[in-house]
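Structure first, then comments.
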Amino acid sequence: MEPSNRERVWQVIHSIPAGKVSTYGKVAAMAGLPNLARAVGRYLSELPEGSKIPWHRVINSQGKISFAVGTERFLTQKEKLQGEDINFSNNRVDLKTYLWQGE
DNA sequence: CATTTGACTTGTG
DNA sequence: CCACAAGCCAAAT
């Protein structure tokens, strides 16, 4: 059985090292799905709660979390990122420093 | 099969 | 920085 796109995406996300982040488009591209940035977000939205996928290391191309500030998901992601030595500036991550561009 | 919706991206103004 | 539009894709209805 061939891995579905969702599984490939999960695998890519899983390869993001702690202390680094990636964007939806980047993850999609790394998974071999150049234009599936949205699909990546969809896959993450459907992640089982017990999943080991570090979805919190995936943010949008602006270096910001894709949730509205103050929402539970937003806070959860922010906390996790900060726990990985990722520094925020005004709800923004410095992609220049933390973006994972592959190996 | 057509429409809607969404954790997206990029370009314009 | 913010708003809008166009492009792209998957799953749900």
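None of these values were measured; they are calculated from a predicted model. Quick note on labels: first sequence line is chain A, next is B, and so on, each numbered from 1.
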Take A:Asp85 and A:Tyr98, measure what side-chain contact (heavy atoms from CB on, under 4.5 Å) needs, and give me the verdict at the end. CA-CA 10 Å; A:Asp85 302 315; A:Tyr98 301 109; 5.9 Å; no
Any residue meeting salt bridge (Lys or Arg N to Asp or Glu O under 4.0 Å) with A:Glu79, in chain and number order, not counting sequence neighbours: none
Rounded to the nearest 0.5 Å, what's the gap from CG on A:Leu95 to CD on A:Gln101? Could you check? 9.5 Å
Tell me which residues in residues 81-103 of chain A put a heavy atom below 4.0 Å from DNA chain C, sorted by number, or none. A:Arg92
N/O donor-acceptor pairs under 3.5 Å from side chains in residues 20-28 of chain A, not counting sequence neighbours:
residue : atom : partner : partner atom : Å
A:Lys20 : NZ   : A:Thr97 : O            : 3.4
A:Thr23 : OG1  : A:Lys26 : N            : 3.1
A:Tyr24 : OH   : A:Ser66 : OG           : 3.4

Pairs of donor and acceptor atoms involving the side chains of residues 55-65 of chain A, under 3.5 Å and at least two apart or interchain, shall be tabulated with distances.
residue : atom : partner : partner atom : Å
A:Arg57 : NE   : A:Glu84 : OE1          : 2.9
A:Arg57 : NH1  : A:Ile16 : O            : 2.6
A:Arg57 : NH2  : A:Glu84 : OE1          : 2.8
A:Arg57 : NH2  : A:Glu84 : OE2          : 3.2
A:Asn60 : OD1  : A:Gln62 : N            : 3.0
A:Asn60 : OD1  : A:Gly63 : N            : 3.4
A:Asn60 : OD1  : A:Lys64 : N            : 3.1
A:Asn60 : ND2  : A:Lys64 : O            : 3.3

Within a radius of less than 6.0 Å around NZ of A:Lys78, do more than 12 heavy atoms belonging to other residues, nucleotides or ligands occur? yes
Among residues 31-41 of chain A, which contact DNA chain B at a heavy-atom distance under 4.0 Å? A:Ala37, A:Arg38, A:Gly41
What residues, two or more places apart in sequence or in another chain, satisfy side chain to side chain contact (heavy atoms under 4.5 Å, CB included) together with A:Asn35? none
Under 3.5 Å, which protein N or O atoms sit close to an N or O of nucleotides 10-13 of chain B? Give each pair with its distance.
residue : atom : partner : partner atom : Å
B:dT10  : OP2  : A:Ser61 : OG           : 3.3

Do any of residues 17-30 of chain A sit with a heavy atom less than 4.0 Å from DNA chain B, and if so which? A:Thr23, A:Tyr24, A:Gly25
Which value, rounded to the nearest 0.5 Å, describes the distance between A:Ser51 atom OG and A:His14 atom NE2? 8.0 Å
Looking at A:Phe67, is its backbone amide N or carbonyl O close enough to the side chain of A:Thr71 to form a donor-acceptor pair, meaning the two atoms are under 3.5 Å apart? no
Under 4.0 Å, heavy atom to any atom of DNA chain B: which of residues 63-78 of chain A qualify? A:Ser66, A:Phe67
Its 5'-most and 3'-most nucleotides having an atom under 4.0 Å from a non-hydrogen atom of chain A, DNA chain C is contacted over C:dC1 to C:dA11
Within residues 92-103 of chain A or reaching into it, pairs that qualify as salt bridge (Lys or Arg N to Asp or Glu O under 4.0 Å) - sequence neighbours excluded: none
A:Glu46: partners by side chain to side chain contact (heavy atoms under 4.5 Å, CB included), with sequence neighbours left out: A:Arg6, A:Arg42
Do A:Tyr43 and A:Ile53 have side chains that approach each other closer than 4.5 Å (heavy atoms only, starting at C-beta)? no
